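Data first, discussion second: the structure below is written as structure tokens.
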There are 2 protein chains.
Amino acid sequence: MSSTHLSIGDLSRATGTKVETIRFYEKNGLLPQPGRTQGNYRAYEPAHLNRLSFIRRARDLGFSLDQVRALLTLSDDRSHSCAAVDVIARAHRDEVERKIKDLQSLKTVLDQVIESCHCNIVADCAIIESLAPASQGS
Amino acid sequence: MSSTHLSIGDLSRATGTKVETIRFYEKNGLLPQPGRTQGNYRAYEPAHLNRLSFIRRARDLGFSLDQVRALLTLSDDRSHSCAAVDVIARAHRDEVERKIKDLQSLKTVLDQVIESCHCNIVADCAIIESLAPASQGS
DNA sequence: CTTGACCCTATAGCGACTATAGGGTGTATA
DNA sequence: TATACACCCTATAGTCGCTATAGGGTCAAG
Ligand SMILES: [Zn+2]
Ligand SMILES: [Zn+2]
Ligand SMILES: [Zn+2]
Ligand SMILES: [Zn+2]
């Protein structure tokens, strides 16, 4: 392998991505197919590393693979308006906001349920009671 | 079907659970197999309805199916200490708490990223820049 | 007697990986 | 030179919690 080419392991180490995940991104059209060595090893260019870093960063920020694909396409069209980028980012932020709210009200209920358990045996357990619809007799 | 028996559709309507989901719970050992009618229809007892309500309530609270299975087993052993119930509930609450924190710091970053976009074209877009590792040239 | 609502099984799909089986390649060392 | 070992390859199946589809059977009403 020439010094300008990177193996899949190099990309893996450089980005903290599992090798299988990199192949998965390729199979799913997020990462373009690289050239191959004589031994059929993938031989990446630095641009591949940049692209993979982009993907991972976007994934870290919680964007879906579909959103990442869209962001990549947009980022390739450098002269295009970035309005579409903004739309994707805001949609994602709104979703994160919704999830936070959902989890917060969930936690409130869980706190109440857990707090209410001052018992010893399951028959009297307020946690179990809070799950059961009525007196169970199965 | 006798009036004391419930069809899968009855359970579905009573709990807001899709029919396929009920069969899925049965296949995965959460809901015991009911009797069958002459026409091979599932014929549920009221106890099944209670159990399904329990499952759904626990799922609404975000417990995993494994956790629900454990809670069901514990709730069947009425004389047992409820310490194990407490452990499951607290573990779940802690996880929810962690997720909230993760999403909150995620949202902070997303807010910053979105806020920083005052541009017009992708080439200058701060959102794209925040994803890219360096200047891209692929 | 046919329509239509309901039910059955079995299987595949979702998202985003992860893991396994069963091999091939390339290099360092005994 | 043998061989050990790290690394790479493909293809396929598994994870979770459903959901959807295909291709049928059952049952009551009109
Ligand atoms: Zn090249
Ligand atoms: Zn208790
Ligand atoms: Zn019965
Ligand atoms: Zn912008």
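In what follows, chains carry the letters A, B, and so on, assigned in the order in which the sequence lines appear, proteins first and then strands, with residues in each chain numbered from 1. Note that the coordinates shown come from a computational prediction; the quantities given were computed from them, not determined experimentally.
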Whole angstrom value for the distance that separates [atom2] of [N] from [atom1] of [X]:
| X | N | atom1 | atom2 | value |
| --- | --- | --- | --- | --- |
| Y44(A) | dC9(D) | OH | P | 7 Å |
| D66(B) | dG14(D) | CG | C1' | 15 Å |
| L11(B) | dC6(C) | CG | P | 15 Å |
| R13(A) | dC7(D) | CZ | C1' | 9 Å |
| N28(A) | dC17(C) | CG | P | 10 Å |
| H92(B) | dC16(D) | NE2 | P | 16 Å |
| R36(B) | dT26(D) | CZ | P | 13 Å |
| I55(B) | dG17(D) | CD1 | P | 12 Å |

- Task: Answer yes or no: does a side-chain N or O of R42(A) lie under 4.0 Å from OP1 or OP2 of dC9(D)?
- Result: yes

- Within the structure, does a side-chain N or O atom of S7(A) lie under 4.0 Å from either OP1 or OP2 of dC8(D)? yes

- Item | End axis versus end axis in the helix from dC1(C)-dG30(D) to dA30(C)-dT1(D), the angle rounded to 10°, five pairs used at each terminus | 30°

- Ignoring hydrogens and angles, state whether a donor on the side chain of R56(A) or T15(A) is under 3.5 Å from an acceptor on the partner side chain. no

- Query: Considering residues at least two apart in sequence or located in another chain, which fulfil the salt bridge (Lys or Arg N to Asp or Glu O under 4.0 Å) criterion with R59(A)?
  - Reply: none

- Taking only residues two or more places apart in sequence, or in another chain, which ones meet S53(A) in a side-chain hydrogen bond (donor to acceptor under 3.5 Å, both in side chains)? none

- Task: State, to 0.1 Å, how close L71(B) and V85(B) come at their nearest heavy-atom pair, and which atoms those are.
- Result: CD2-CG1, 4.1 Å

- Are any of the side-chain heavy atoms of T108(B) and Q112(B) separated by less than 4.5 Å? yes

- Here the gap from C125(A) atom SG to D86(B) atom CG, rounded to the nearest 0.5 Å, amounts to 7.0 Å

- Any salt bridge (charged side-chain N to carboxylate O under 4.0 Å, His left out) pairs touching residues 104-132 of chain B, not counting sequence neighbours? R93(A)-D111(B), E97(A)-K107(B), K107(B)-D111(B)

- Restricting to pairs with a member in residues 20-38 of chain A, which pass salt bridge (charged side-chain N to carboxylate O under 4.0 Å, His left out), not counting sequence neighbours? E26(A)-R42(A)

- Check the pair L52(A), Y44(A) against side chain to side chain contact (heavy atoms under 4.5 Å, CB included), reporting the backbone distance first and the verdict last. CA-CA 11 Å; L52(A) 178 56; Y44(A) 293 101; over 6 Å; no

- Query: Which comes earlier along DNA chain D counting from the 5' end, the contact point of F63(B) or that of V19(A), where each point is its nearest nucleotide?
  - Reply: V19(A)

- Task: Determine, for nucleotides 18-25 of chain D in 5'-to-3' order, which nucleotides have protein heavy atoms under 4.0 Å from the base (write B), from only the sugar-phosphate (write S), or from neither (write -).
- Result: BBS----B

